[in-house]
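Reviewing the structure listed below.
Order of listing sets the numbers, starting from 1, for every ligand and every atom in it.
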Amino acid sequence: MYQSKTIQQYQQELANDKNGCENAVKYFLNKIRDFKHLNAFIEVYEEESIERAKELDAKRINGKSLGKLYGVVVALKDVICYKDHKVSAASNILKARPPARAGTDGDDSVGRGFTSVYNSTVVEKLLAEDAIIIGNCNCDEFAMGSTNENSAYGKVLNALDETKVPGGSSGGSAVAVQAVLCMISLGSDTGGSVRQPADFCGIIGLKPTYGRVSRHGLIAYASSFDQIGIFGNNIEDVALVLEVISGEDDYDSTVSNKKLEKFSSSTDNNPRCKFAYFKNALDHPSLDPEIKNSIEDLIKKLRADGYEVKGIDFELLDYIVPAYYVLATAEASSNLSRYDGVRFGYREGNPDINLTDMYTKARTKGFGKEVKRRIMLGTFVLSSGYYEAYFTKAQQVRRLLVDQTKKIFKDFDAILIPTVPATALNIGTMEKDPVATYLADIYTVFANLTGIPAISLPLFKHFNNMPFGVQIMSDKYNEVTLLQISNRLLKDYKTA
Ligand code: GLN
């Protein structure tokens, strides 16, 4: 019922409906209950979202002016801070309830997990435009992963086939939109965590330009890559949410003051834009043959319709994943040092325990296997003796990628590439071969290394019945072109 409508259509229908927002919230709450087994949500703000809906209904009936996201039901990934609500990055280190401390009479409300003491900028902006936040979504621990199996709250299931993963790390947010448990959700994309689950779930996933959306109140994984992204069912809605959550912020100096051209009022005056694709990306041995064929077919159709689509050489392709995993883990090892049981996180042991033992205990118990693996890898590549060989080298690769990307966008409007080399994996595959899972990030991490915006569009269906997408990237701060192209591709070339 809500899936086929745009936000604008929904808001128009609300105009004459006394309990419109309340009914919408109740509809989604029922669906969340029906699909509880998918494990997409960590916490659902049931009473609170009904209250907010009632207030918003009253606001409309009283003729007050309404925000751009009036009545829109949104879910947040569990890495986005919402004041007075729990947030844990799906990690035991923030989720865990420490034993009652001396003097609290066993009152376990003291130190029960971590509750956010402030709103992230995106939450402030959503609320200021009258959105309704319905709950927070499951994800991979500290946003590290591609399957949503690394979570202290258990795995999330793909609603289209429950034996498959939804992708990660924003798997819960993706399934929340896929199974229509909300209208829009936010995730975070450090190396593909919005685009890859969007691909696996058959929905749209946008990673904006690095510096478009404030990271204030986003739990950091790798700060020079992290960017909040949007899941939705149509471009119009995704564009509207981007308009709301983007923009300068005193709390995040990496956010640019470059104006975001509005998709809704832009004219699509470049209908036959120029696409580049990387020849070796399509010839890559890891790419599923049917995905390859579908993308090649799309290229043929685009050419037949007058688009210029050119294959270019991109010899840095095989360096992308190693550079990402060196730099992202290095940043993670530093970012996650704050979870020491003192400043943040779970603490165990008696007051006499020595400091090092206390840190060790907290971090050994609090972090999961994948997070530990990455902290160790990141610490290693930053350690003296290895720094030059790994960290510096990876930084150099990043610089080359940025330079090459600039050159590409001198000649082309967009890059067209698969989102993921294969469709959604079976549950349990990642555990057997984490390196293979890392290598599957080959098409997504490029946009994070270079900071450009990228989107996954659900155009195709595999013969195994699972969806897959195509990924489009545009130049930095050129989301409007990206959204215009996406709109056209979804209208004219969707075969699923
Ligand atoms: N698969 C990537 C990783 O595990 C995705 C991370 C992300 O975008 N948060 O690092």
Atoms of ligand 1 less than 4.0 Å from [X] heavy atoms?
X    : value
Y325 : 1 (N), 2 (C), 3 (C), 4 (O), 10 (O)
G145 : 1 (N), 2 (C), 3 (C), 4 (O), 5 (C)
T190 : 7 (C), 8 (O), 9 (N)

Does K31, at its NZ atom, have more than 12 non-hydrogen atoms belonging to other residues, nucleotides or ligands within less than 6.0 Å?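 More than 12 heavy atoms, drawn from other residues, nucleotides or ligands, come within 6.0 Å of this atom.
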Any idea which part of [X] is under 4.0 Å from ligand 1, heavy-atom wise: side chain, backbone, both or neither?
X    : result
Y438 : neither
D441 : side chain
R374 : side chain

re atom 6 (C) of ligand 1, the protein heavy-atom contact at minimum distance is S193 OG, 3.0 Å
Do L186 and S173 touch side chain to side chain, with heavy atoms closer than 4.5 Å? no
Any salt bridge linking D403 with K407? Criterion: basic side-chain nitrogen under 4.0 Å from a carboxylate oxygen. no
Does a side-chain N-to-carboxylate-O contact under 4.0 Å join K279 and D313?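 Judged by the 4.0 Å cut-off on N to carboxylate O distance, K279 and D313 do form a salt bridge.
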Is there a donor-acceptor contact under 3.5 Å from the side chain of D288 to the main chain of I291?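 Between the backbone of I291 and the side chain of D288 there is a qualifying donor-acceptor contact (under 3.5 Å).
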Assess the side chains of T190 and D226: does a donor N or O sit below 3.5 Å from an acceptor N or O? yes
Would you say S223 and E331 are linked by a side-chain donor-acceptor pair, where the criterion is simply a distance under 3.5 Å?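 No, S223 and E331 have no side-chain donor paired with an acceptor closer than 3.5 Å.
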Any nitrogen or oxygen of [X], side chain or backbone, less than 3.5 Å from one on ligand 1?
X    : value
K77  : no
M144 : no
D189 : no
A143 : yes
S188 : no

S169: heavy atom below 4.0 Å from ligand 1, yes or no? yes
Between F225 and R398, is there a cation-pi geometry (under 6.0 Å to ring centre, at most 45° from the normal)?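 That pair qualifies as a cation-pi contact.
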For K164, which of T423, N158, N426, T147 qualifies under side-chain hydrogen bond (donor to acceptor under 3.5 Å, both in side chains)?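 Only one option passes, and that is N426.
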